[in-house]
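The structure presented is a predicted model; accordingly, all values stated were derived computationally and were not measured. Proteins come first, then strands; the chains are lettered A, B, ... in the order of their sequence lines, and each starts at number 1.
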Protein chains: 2
Amino acid sequence: MSDLLERLRGRGWRMTAQRRVVAEVLDGDHVHLTADEVHARAAERLPEISRATVYNTLGELVSLGEILEVSTDRRAKRYDPNAHRPHHHLVCARCGAIRDVHPTGNPLSDLPDSERFGFAISDVEVTYRGVCPNCAGA
Amino acid sequence: MSDLLERLRGRGWRMTAQRRVVAEVLDGDHVHLTADEVHARAAERLPEISRATVYNTLGELVSLGEILEVSTDRRAKRYDPNAHRPHHHLVCARCGAIRDVHPTGNPLSDLPDSERFGFAISDVEVTYRGVCPNCAGA
DNA sequence: ATCTTACAATGGACATTGTCTAAGTCAAGC
DNA sequence: GCTTGACTTAGACAATGTCCATTGTAAGAT
Ligand SMILES: [Mn+2]
Ligand SMILES: [Mn+2]
Ligand SMILES: [Zn+2]
Ligand SMILES: [Zn+2]
């Protein structure tokens, strides 16, 4: 985390209170916050921070490869600090809870040439959906 | 297609000009239109059709399982008449072209129990991304 | 063929998520 | 401590979608 701030400073980032607090909010495992959630948490510490700055900072962190954009539902994008180990997502259909998962195997090898339509495929995204133990009741 | 209209009538659908034209617009393979695209095409035949009716009709067709909602990008949802053979999608990162694909294998078996976090998984969605032959130049 | 009525269509207001801009502010180097 | 260009801010704007009150009509009943 302070690793992150160091890396960013090294890349010529001007270090502002706003950027620091956004970077601090985005820390941990299985963290997938929306921009508005990031804004709310950042505003607890820095009440005057604006939505525009949160969007700008998130966009910059994505460009730098420090966080990922995740779109598991059709609502708001979510921002994922787990950018360094590739993974996919498991989403609860009821409450929206999201977990990082690491399937074995490579879905690319499951797609025969005849099903590639001449595309140069560079990325595969897998989303598992189901009901989490919490929502399943007992 | 007239199969579809028959099925819908059988389900008690009141058959209106609007519903008929929406159903007719959604026909074919590799068809993944946005609601506004459906509206534009429907309006060629029925100029007074409203956006609300297109949204309502699409929603009903989805509920009835006659079409699928597909979210390959963060823009508008797309509506897919190919609801009867399960499939995944291959998307061009440049132009957005979408093809239906049928990978072999089952991605569920690639997810060990230890990575399921107690979820009851009911669905897996795979999106392949790349550059289509058209966008790749020669 | 006409009547009746519940269901459907319409236009427009509203909501959510995100982008953009003009003006003010400040981090960091001198 | 200045200076300056990068950063932040508030709010307007855009894209997509939902909701509601009103008007219209498909289809069964007479
Ligand atoms: Mn993740
Ligand atoms: Mn499809
Ligand atoms: Zn849940
Ligand atoms: Zn393309």
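Under 4.0 angstrom from either OP1 or OP2 of C/dG18 there lies at least one side-chain N or O belonging to A/Y55. Between B/T53 and C/dT10, a side-chain N or O to OP1/OP2 separation shorter than 4.0 Å is present.
Here C/dA27 presents its P atom at 12 Å from CZ of A/R9, a figure rounded to the nearest Å. Distance, A/H39 NE2 to C/dT16 C1': 16 Å, rounded to whole Å. B/R51 has its CZ atom 9 Å from the P atom of D/dG17, to the nearest Å. Between B/R20 atom CZ and D/dT25 atom P the separation is 14 Å, expressed in whole Å. Protein atom CG of B/N56 is 10 Å distant from nucleotide atom C1' of D/dC19, rounded to whole Å. Taking atom CD of residue A/E37 and atom P of nucleotide C/dT17, one finds them 10 Å apart after rounding to whole Å. What separates CG of B/L58 from C1' of C/dA8 is a distance of 15 Å, to the nearest Å. As rounded to whole Å, 14 Å separates atom C1' of C/dA8 from atom CD of B/E48.
Note on A/V70 and B/L111: separate hydrophobic clusters, where clusters join Ile, Leu, Val, Met, Phe, Trp and Tyr whose side-chain heavy atoms are under 4.5 Å apart, directly or indirectly. Note on A/L68 and A/L61: separate hydrophobic clusters, where clusters join Ile, Leu, Val, Met, Phe, Trp and Tyr whose side-chain heavy atoms are under 4.5 Å apart, directly or indirectly.
Considering CD1 of A/I49 and CD of A/E44, their distance stands at 12.0 Å, rounded to 0.5 Å.
Residues from residues 10-18 of chain B placing a heavy atom under 4.0 Å of any atom in DNA chain C, listed by number, are B/R14, B/T16, B/Q18. In the region residues 69-76 of chain A, proximity to DNA chain C at under 4.0 angstrom, judged on heavy atoms, holds for A/R75, A/A76.
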Quiz item: After noting the C-alpha distance and the side-chain angles of B/F117 and A/H30, does the key distance pass the side chain to side chain contact (heavy atoms under 4.5 Å, CB included) rule?
Solution: CA-CA 12 Å; B/F117 298 96; A/H30 304 288; 3.9 Å; yes

Practice problem: Test B/T57 against B/Q18 for side chain to side chain contact (heavy atoms under 4.5 Å, CB included), laying out the working first. | Solution: CA-CA 8 Å; B/T57 304; B/Q18 291 84 349; 5.6 Å; no

Exercise. Apply side chain to side chain contact (heavy atoms under 4.5 Å, CB included) to the pair A/D80 and A/H89, showing each step before the final yes or no.
Key: CA-CA 11 Å; A/D80 184 345; A/H89 292 105; 3.3 Å; yes

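Between the side chains of A/N82 and A/H32, no donor N or O sits under 3.5 Å from an acceptor N or O.
Taking 4.5 Å as the limit, every side-chain heavy atom of A/D73 sits out of range of all side-chain heavy atoms of A/V91. Taking the side chain as every heavy atom from C-beta outward, A/P107 and B/P107 never approach each other to under 4.5 Å.
Comparing A/I49 and B/A35 by the nucleotide of DNA chain D that holds the closest heavy atom to each, the one mapping nearer the 5' end is A/I49.
Set against C/dG11, D/dC7, D/dG17, the side chain of A/R19 has D/dC7 as its closest nucleotide.
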